[in-house]
Student: 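Take this structure first; my questions come after.
Being a predicted model, the structure only gives us computed values, none of them experimental. When reading the values below, keep in mind they use all heavy atoms of this one structure, side chains included, and skip hydrogens, waters and symmetry mates.
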Amino acid sequence: MISVSNLSKSYGDRVLFENASFQLNPGERYGLIGANGSGKSTLLKILAGDIDATEGTLSIPKRLRLGVLRQDQFRYEEESILGVALMGNPELWAAMVEKEELLANADENFDADRFSELEETVQRHDGYTAEARAAAILEGLGIPGEVHREPISSLSGGFKLRVLLAQVLASDPDVLLLDEPTNHLDILSIKWLEEFLKGFSGPVVVISHDHRFLDTLSTHILDVDYQTVQLYHGNYSHFQRAKVEERERREKDIASREKEIAHHQKFVDRFKAKASKARQAGSKARMIERMAEDMDELAPSSRRYPTFRFDQRRNSGREVLKVAGVTKAFDDNQVLHGVDLTVERGDRLAILGPNGIGKSTLLKIVMGELEPDDGEVEWGYETHPGYFAQDYKDQFRGHTGSAEDWIWAACPDKDLGYVRGRLGLMLFSGDEPKKPLDSLSGGEAARLVFSRISMDRPNVLVLDEPTNHLDMESIEALVEGLKAFEGTLIMVSHDRWFVNELASRIVEITAGGVRDYRGTYEEFVDRHGDDHLDADQVILKAKAEKRRSRDQGTPSNDGRASGNRKGADRPSNSDRERRKLEKRSGEITEKIEARESRIEAIDRTFLQPGYYERTPADEVRTLEEERARLQEELEELMARWERIERQLFALD
């Protein structure tokens with residue numbers, strides 16, 4: 001367990017957070033969230049021991065091994081991919097390397113005593129299975145086994161970061177501290193990471209801007225806002241509701257107190273000059289002072305939302321884009337295998353598929369930045385596409401000026417007020433428009449590119465991983481802007497929440513061809529499997545619905561009545577087995593619902609304002625232990641229910 005007590009961090013007069021107190025417990029997963037610049041990455045660095053807090057205490061047992069995701073991808077250029085993954089445990093890696101060196105030089109000089117010491121170290125760290133574990137993690141993150149012996153320098157930047165993530169996960173840590181682990185992961189790899197982290201026994205603290213990832217993974221949310229850190233129980237969606245409710249409650253409480261103060265002030269103003277009431281008026285005045293002192297002023301939120309506005313210059317023709325037989329290979333790597341695709345006006349199309357399958361390549365071909373090896377691309381009548389590239393900073397090449405200069409260059413006939421207005425929508429205020437382009441953060445640069453795209457008033461938006469460098473507030477604002485956009489939308493994104501909020505058509509690129517599905521992302525998942533991985537669960541769900549329909553009196557397909565044959569009313573062995581299994585399934589379902597109800601009740605208790613301040617620590621611990629026990633029982637019951645469902649499926 002890691003304990004944080006009255007932790008504060010400031011830089012000069014700027015306070016990031018103060019008086020933060022919480023604890024990180026084994027088996028619990030904490031989403032660490034906050035606006036850019038609020039201090040969430042700083043808090044993670046304090047937990048990792050990289051920087052010190054200004055005030056307060058951080059208590060970490062010495063025996064705990066911290067697994068920290070760092071972005072130093074160029075540190076291991078000449079090492080093999082598998083070797084970099086194994087380096088997460090430095091003592092084991094050093095012992096394995098030295099042992100190999102001793103064996104390589106055994107003919108000249110073999111130090112048996114040293115070899116024995118190294119062997120003991122390898123065994124203590126379970127080194128003989130470490131390589132297999134690291135290889136499995138690399139494959140789970142989308143790096144195939146055939147390249148594991150290649151140097152990490154052979155990989156692209158995104159895949160190098162995957163190797164660094166594998167290094168952390170394979171290091172056998174007791175605690176995981178992960179800053180944006182889903183960056184550069186495709187949907188399949190994100191799903192694999194979710195399952196890995198769910199099975200991790202220690203505390204997990206993760207910074208992410210992926211709504212669905214936080215919803216699926218988090219058991220708690222650490223919110224860095226209002227110059228403090230607040231712990232919420234539940235996932236991100238639960239947090240969003242709880243935070244709004246808490247803010248509304250506090251605003252209502254302040255309004256009520258202000259109303260009461262105003263009421264008392266009227267009495268003071270009316271009677272303070274009247275001798276017979278002067279004493280009462282003075283008493284009321286002192287009471288008003290005490291009430292005012294006790295009333296805390298609500299600090300402003302550090303969260304800021306940009307305004308994305310996309311107005312199209314005119315409607316396009318009905319057929320927006322036609323792609324016919326497009327192929328593309330890079331040396332021996334064939335990424336596109338004859339893609340055929342027609343996009344119509346108003347389509348909101350998401351292109352899905354694993355990394356390396358050619359999604360971004362297809363967008364570059366569509367936008368004329370790459371030539372296909374074969375096939376044709378034809379834009380429709382009056383189409384004016386706006387393109388947000390994954391490597392969007394390339395647009396700044398050759399420009400040495402400021403953000404303001406770059407925007408003004410796109411509208412030289414406009415005045416400074418117009419330019420500043422456009423920048424203000426993207427949260428550039430004060431002196432920020434004068435920032436040099438090469439000093440902009442990833443999020444600032446992305447917002448600037450979107451500002452320039454919107455000025456062109458396109459009627460087709462082509463977006464390649466637009467959320468990669470945006471914070472959660474900017475992503476939510478972008479979704480609202482795109483929902484209001486009346487034109488056609490074509491996008492590639494690994495952010496499942498973003499895709500589900502916007503897409504009404506899914507195009508999945510696979511090695512075997514293109515799958516075109518008209519519907520939302522959730523409908524696509526329901527039809528083709530949970531994020532392409534859990535298709536068997538979808539089958540079970542369909543079978544369960546079929547049985548429910550049958551139980552409610554829907555005739556079976558064979559249509560046989562009970563009097564049509566001798567002994568028809570005598571149940572067969574399979575019928576008896578089915579009824580027995582269905583009875584057990586119903587009993588387990590009741591137990592599942594009871595535990596879910598109790599867990600929800602406990603969570604509501606935890607979310608009561610001031611609960612932790614007024615409740616004894618022993619009582620809190622008892623309730624937390626009950627919740628943990630119920631969660632374990634719930635997972636076991638779910639596993640039993642799934643086994644029964646599979647048996648019922650076999651009988652159908």
Side-chain angles (χ1 to χ4, degrees), residues 26-29 136 140 187-188 190-201 212-213 215-219 234-235 237-238 496 521-562 565 567-603 625-652:
E28 294 181 344
R29 301 177 295 277
I187 288 176
L188 294 176
I190 292 172
K191 180 66 179 174
W192 178 91
L193 179 61
E194 287 172 353
E195 296 305 316
F196 182 95
L197 294 178
K198 283 181 187 177
F200 183 71
S201 60
R212 182 72 70 89
F213 181 72
D215 258 353
T216 303
L217 183 70
S218 302
T219 60
N235 63 13
S237 292
H238 198 166
R496 292 162 294 173
Y521 178 69
E522 280 192 358
E523 291 167 346
F524 173 81
V525 166
D526 285 342
R527 177 158 182 165
H528 297 291
D530 185 10
D531 295 341
H532 325 299
L533 294 180
D534 294 337
D536 56 335
Q537 293 299 316
V538 177
I539 293 171
L540 289 176
K541 179 180 175 183
K543 289 294 181 181
E545 288 174 354
K546 178 182 172 184
R547 280 196 304 279
R548 278 197 296 273
S549 297
R550 184 177 60 221
D551 293 341
Q552 291 166 3
T554 305
S556 61
N557 289 335
D558 59 19
R560 287 175 292 196
S562 60
R565 58 187 175 87
D569 57 343
R570 186 181 305 151
S572 66
N573 289 336
S574 63
D575 288 337
R576 283 194 295 271
E577 179 66 16
R578 178 181 288 108
R579 281 200 286 271
K580 189 166 101 177
L581 289 171
E582 286 174 344
K583 182 181 177 184
R584 285 169 57 196
S585 178
E587 291 169 349
I588 290 174
T589 299
E590 288 178 3
K591 292 178 180 178
I592 288 171
E593 290 172 352
R595 280 152 181 80
E596 286 178 336
S597 178
R598 176 57 183 156
I599 288 172
E600 187 176 346
I602 292 173
D603 286 345
E625 288 171 355
E626 181 188 357
R627 191 190 187 284
R629 175 178 55 77
L630 288 168
Q631 189 65 43
E632 288 181 8
E633 291 174 2
L634 182 61
E635 290 172 1
E636 172 60 26
L637 287 167
M638 288 297 296
R640 286 167 57 192
W641 179 83
E642 287 182 11
R643 286 196 295 271
I644 291 171
E645 289 296 299
R646 290 178 188 278
Q647 290 175 276
L648 284 166
F649 168 69
L651 291 174
D652 284 341

Student: Got W192 and L197 here, is their nearest side-chain heavy-atom distance under 4.5 Å?
Tutor: no
Student: Would N235 and T216 count as a side-chain contact (heavy atoms from CB on, under 4.5 Å) if you check the C-alpha gap in whole Å, the side-chain angles of each, and the deciding distance to 0.1 Å?
Tutor: CA-CA 7 Å; N235 63 13; T216 303; over 6 Å; no
Student: Who are the salt bridge (Lys or Arg N to Asp or Glu O under 4.0 Å) partners of K583, not counting sequence neighbours?
Tutor: none
Student: Can you name the residues that form a side-chain contact (heavy atoms from CB on, under 4.5 Å) with T589, not counting sequence neighbours?
Tutor: S585, E593, W641
Student: How far does CZ of F213 sit from NZ of K191, to the nearest 0.5 angstrom?
Tutor: 11.0 Å
Student: Measure across K198 and R29 and return the closest heavy-atom pair with its distance rounded to 0.1 Å.
Tutor: O-NH1, 3.7 Å
Student: For R629, check side-chain contact (heavy atoms from CB on, under 4.5 Å) against everything at least two apart and list the hits.
Tutor: E626, E633
Student: What residues, two or more places apart in sequence or in another chain, satisfy side-chain hydrogen bond (donor to acceptor under 3.5 Å, both in side chains) together with R584?
Tutor: none
Student: Go through the structure and list residues passing side-chain hydrogen bond (donor to acceptor under 3.5 Å, both in side chains) with S237, not counting sequence neighbours.
Tutor: D215
Student: State, with a plain yes or no, whether a side-chain heavy atom of L630 is found less than 4.5 Å away from one of E596.
Tutor: no
Student: Quick one: side-chain contact (heavy atoms from CB on, under 4.5 Å) partners of K591, sequence neighbours excluded?
Tutor: R595, L637
Student: Taking the side chain as everything from C-beta on, heavy atoms only, tell me whether L217 gets closer than 4.5 Å to L193.
Tutor: no
Student: Measuring from K580:NZ to I644:CD1, what's the distance to the nearest 0.5 Å?
Tutor: 10.5 Å
Student: Check step by step if side-chain contact (heavy atoms from CB on, under 4.5 Å) holds for I190 and R212.
Tutor: CA-CA 10 Å; I190 292 172; R212 182 72 70 89; over 6 Å; no
